[in-house]
Amino acid sequence: MLYQDQFYYLGLIVLMPLIGALINGIIGAKLPRKFVDVIACGSILMSFFFSLISIKALVENATHVKNAEGVVETVYGHLSYTAYHWIYAGDFGVDLAFMLDPLTSLLLLLITGVGFLIHLYSVGYMADDPSKWRYFSYLNLFCFAMLLLVLGKNMLVTFIGWEGVGLCSYLLIGFWYTDDEKAAAGQKAFIVNRVGDFAFLVGMFILYYETQTLDYIQLKEFATNAALIQQIAPVAWLIVLFMFIGCTGKSAQIPLYVWLPDAMAGPTPVSALIHAATMVTSGVFLLSRLNWLVTISYEVMAVIAWVGALTAFFAATIAITQNDIKKVLAYSTVSQLGYMFLAVGVGSFTAAVFHLMTHAFFKALMFLGSGSVIHAMHHEQDMRKMGGLKKYMPVTSKTFLVGCLAISGFPLFSGFFSKDAILWGALSNTHVLGVVGAQEQIGDITVMRGEPSAVAQILTTKPLELISAGGPVDVNWLVQITSWGTFILAVITAGMTAFYMFRLYFMTFEGECRADEHTKAHLHESPVSMTIPLTVLAVLSLLGGLTGWPHFIVHGLHFPPEGFGLFFEHWFSELFQVTNDYRILTRFGAHAYGWEAVATVSGLIAGLSGIGLSWYMYMKNPEIPGLIQERIKALHGFVQQKYKVDEFYGFVFVKGSIKSGEGMTFFDKYILDGVLVNGAAALMATAGRILRHLQSGNVQRYATYITLGVVLALVALMLRM
Amino acid sequence: MFEPTLTHYLILAAITFCIGVFGVMVRRNAITLFMCVELMLNSVNLTFITFSKYRVDMDGHIFGFFVMAVAAAEAAVGLAIILHLFRHKRSVDVERADALQL
């Protein structure tokens, strides 16, 4: 039996992809192509198995505790492994250490599981590429970095992974670097990400300054200990804000989302793995990891919620107008990530992570499906030249349809459950600090709800018992506006999502084929190594949501049984305990099943009407889109050009930095070099020219100087006396 | 009968020293220069002996002997240098020995 704190399988999980990357990267060019495939896929598969073993151990290590109400709660705790003592200087100490807890388990399965499927798919997709070994080396390296990110036991290890995935993203976007446009897209991604990474670093510095530790387990003490939480509460908002800015870079939120659509320049499996399933969700992961800290600062939560909702909305409007199949999916990803941040912002971390999982399934599926189409169409990505592919590519079209239904929130598909959870989270948004008008007696102290000073008492005495269970509560204007505003935006976005996804489906797979004769003659279904991942992901997209049913169904209909229907929530309940303490009571009361049904039904109606409208416009009357486009030409053009954000950034930041660079050049050339550097040299030269005459080589003159010096010294001495 | 006091000896030594210094600064002939240096050394010697007598201890005498010994050594080295200077330049004019300037 392995010790709980030296569970070395965690190290092996990380090590496997690194070994794969090194073998393929160093000698891959000389290896047979089959061997490269086997090493790349095999290393990820090994990681997957080690992950399963580790998660099994985590479950076996769990303890079952009976709480005050007599309900048995499962406490999973964590497994950890310290590889070595890394940096020790004075009071500062960081280990290279890994940790496995319920949140990490989920991401492990996504990275290694979905990652393996995408590696398998790549074998077929990249079959003809001459530098396939380089591709697989990067892809394995990416998995290594991503595993570091999620397995890190302290923030510094996470940060290495965070930078590592950024690097691999850059390498893979610019994989076909001979194309200038693609190389530029890679650089753009890297530079925009650096902006976010800088904020991440600053946030980490402040956090360390306040807490003197970067270890997640020790940090969590700050959430549960009354004395410690008062220490961190005043600056929590600053840390969370910086962390969130970091996340907007990596997870493509306003204002740093601009790199993700361009990132589609990389090979399609890369888009599926990095820019849909794993890397871009690392921001959601990070905030969930620090959920106790996010929860303390509810003003920043409102910011996060709004940024998420607006990102979701605007990205969806852009997605409607795009004609490039991958661009639609890219903006859809930005939009769905916005949903996740909305969930984080309203405190529904479970919903955020739930959507993270289902999105990884259906978006990876759709990216791989689009890759399959692009493969068949000889690298044609314009949907206007597709159509009717259903009869040529049955597996791709069917699995793609599953993905579309899932993202649209069609009942019983995975997206339905996760999107509902987010909608309900937004609608029921509340926060202990945001609740107004209630005075509480906590021990001997009377505190007003909403006072930051009450944080410690509230946390240590469980607000659930304090806000009398049942009745609705009043929340302050910030929470109120955030709640309604983001909910309405999210519902509209749900409708638009269904619309553009089915627009994509109808334009690509239904109707007449608009491809030229040459392409048409070569249309074919993709090889088995590509259709197997599609099928598996389709099954996951279909069934993946069944672990998180809405409460009103589970509690109201008593079906499915709670252990299964709310499995996801229970799996994370310990992790998000602090957050749940803050907002366990919705503002509609404890058992507001009616309101929850409202959220579900409005999401459902929005989704179905989106699908219906799309069918009406692109299947029944295909001339309508053109007419509408004609009618609102200016607006359509503006949206199609992505609100000219790229141009704006280009003008303000790129041009701006060039201009300021020119200003700096002037300063450098004339002030620094001219006045200071050359000036100092000129001063010395002039002084030397004048003073050289003193040194004549004449001994007598030297003697005279000495005499004069002595006389002067004597005179000075005498004057002092 | 005129009895010289401490002040008289010191003034004499100072005058001799100044003559030496002045000679070192203005004369061109290396031999003369050398003699002026000797003059300065001897004026210092005179001061030593004067104070020695005045304070009635022997330290000044000992210093005087030291100076004389060093002056003798210096004379030997200095004259050798002047001899070499003459062999090089065919002159003992110190103005012409200015090869060390920039």
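Hydrogens, waters and symmetry mates play no part in the numbers below; they use all other heavy atoms, side chains included.
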Tyr9(B), OH atom: more than 12 neighbouring heavy atoms under 6.0 Å: no
Gln700(A) versus Met25(B), closest heavy-atom pair with distance: NE2-O, 3.5 Å
Residue Tyr209(A) excluded, over 12 heavy atoms near OH under 6.0 Å: no
Over 12 foreign heavy atoms within 6.0 Å of CZ, Phe142(A): yes
Enclosure of Glu181(A) CD (heavy-atom neighbours >12, cutoff 6.0 Å): no
Chain B contact via Thr707(A) - which portion, at a heavy-atom distance below 4.5 Å: side chain
Region of Val24(B) in contact with chain A, defined by heavy-atom distances below 4.5 Å: both
